[in-house]
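Beneath this line is the structure, given in structure tokens, with notes to follow.
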Amino acid sequence: MKNLPGQLITIEGGEGVGKSLFVKLLSQKIQSMGIKHIVTREPGGTIIAEKLRKIFTTPPKSEKICKEAELLLISAARAQHIKEKIKPALEQGHWVLCDRFIDSTFVYQGHLGGIKEKIIQSLINFSSFNINIDLSFLLDCDVKISQKRLKSRLNKSTDIHKSRFDEADEKFHKTLRSAFLEQAKKNSERFIVLNSAQTPEELITNSIIAIKKRILL
Ligand code: TMP
């Protein structure tokens, strides 16, 4: 459904590909272009959705979260996030930059978790209130680069709530990377794949070219 005046831009990618910095720089750039927007993330983005994120990202050591519960938690967080934050922003004509969105669910819970695409799609339909993504960026780079970034981030980090997947091995990162590339290919009408090994300046220049082509022209 293409009925809201704002633009929803999602940013996707594996672990350590540089999403956070990219989102920050892209936000600064579009701010300088006078574009009103909000920056948010999934799972999370509102007080309740962030609480759900915490359950999801830091399960107790004594109990493993099952994949069905994981999907339901993410879907619950998404419903709250969209209704409370994303949809109102789009209705006001603001742009929304969202760090991860539904493609992460297809990749993590579907491709990696083994939940059928049909089930994921139906939960997405239920929790998304018919909002449409206008443009998605996939940040992609060689897993050696992303693993190196991840290691240095984890070494510096004192955050105990860091992602559960961050320390997984190279095979996991390779599977993750190819699943995201496949997801982008399947949805090529809205996806732009960016090589995140580029300098931040190059990345932002290329993303703005894509935005101008797909959204502003
Ligand atoms: P992030 O801070 O790297 O984005 O961490 C969020 C974690 O949540 C990351 O490991 C990916 C995971 N995730 C899912 O498994 N499914 C989803 O639908 C989303 C949005 C995130």
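Quick caveat: nothing in here was measured; it's all calculated off a predicted structure. Note that ligands are numbered from 1 as they come in the structure, with each ligand's atoms numbered from 1 the same way.
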Task: Within 6.0 angstrom of Ile48 CD1, more than 12 heavy atoms from elsewhere - done: no

Task: Value rounded to 0.5 Å, distance of OG in Ser27 from NE2 in His37 - done: 3.0 Å

Open item on the list: Assess, by modelled atom type and distance only, whether the side chains of Thr10 and Ser136 contain a donor and an acceptor separated by less than 3.5 Å.
Closed with: yes

Open item on the list: Looking at Thr199, is its backbone amide N or carbonyl O close enough to the side chain of Glu202 to form a donor-acceptor pair, meaning the two atoms are under 3.5 Å apart?
Closed with: yes

Task: Atom pair CZ (Arg41) and CZ (Arg53), whose distance is rounded to the nearest 0.5 Å - done: 3.5 Å

Task: Atom pair CG (Asp140) and CD1 (Ile192), whose distance is rounded to the nearest 0.5 Å - done: 13.5 Å

Open item on the list: Below the 3.5 angstrom mark, is there an N/O of Asp99, backbone or side chain, next to an N/O of ligand 1?
Closed with: no

Open item on the list: Suppose I only count heavy atoms of Glu42 and a 4.0 Å limit; which atoms of ligand 1 are within that range?
Closed with: 20 (C)

Open item on the list: Closer than 4.0 Å to some heavy atom of Phe56 - which atoms of ligand 1 meet that?
Closed with: 8 (O), 12 (C), 13 (N), 14 (C), 15 (O)

Task: Residue pair His81 / Glu42, side-chain donor-acceptor N/O under 3.5 Å - done: yes

Open item on the list: Need the ligand 1 atom indices (1-based, order shown) with element for anything under 4.0 Å from a heavy-atom of Ser104.
Closed with: 16 (N), 17 (C), 18 (O), 19 (C), 20 (C)

TODO: Just jot down the ligand 1 atoms closer than 4.0 angstrom to any heavy atom of Lys19, in number order.
DONE: 4 (O)

Open item on the list: I'd like to check whether Gln109 has a polar contact with ligand 1, where a contact means an N/O of the residue lying under 3.5 Å from an N/O of the ligand.
Closed with: yes

Open item on the list: For Glu15, which part has a heavy atom under 4.0 Å from ligand 1: side chain, backbone, both, or neither?
Closed with: side chain

Task: Proximity winner for atom 2 (O) of ligand 1, if only heavy atoms of His81, Arg53, Arg78 are counted - done: Arg53

Open item on the list: Please work out, at 4.0 Å between heavy atoms, whether the side chain, the backbone, both, or neither of Ile74 comes within that distance of ligand 1.
Closed with: side chain

- [ ] Pick, from Pro43, Gly16, Ser20, the option with the minimum heavy-atom distance to atom 21 (C) of ligand 1.
- [x] Pro43

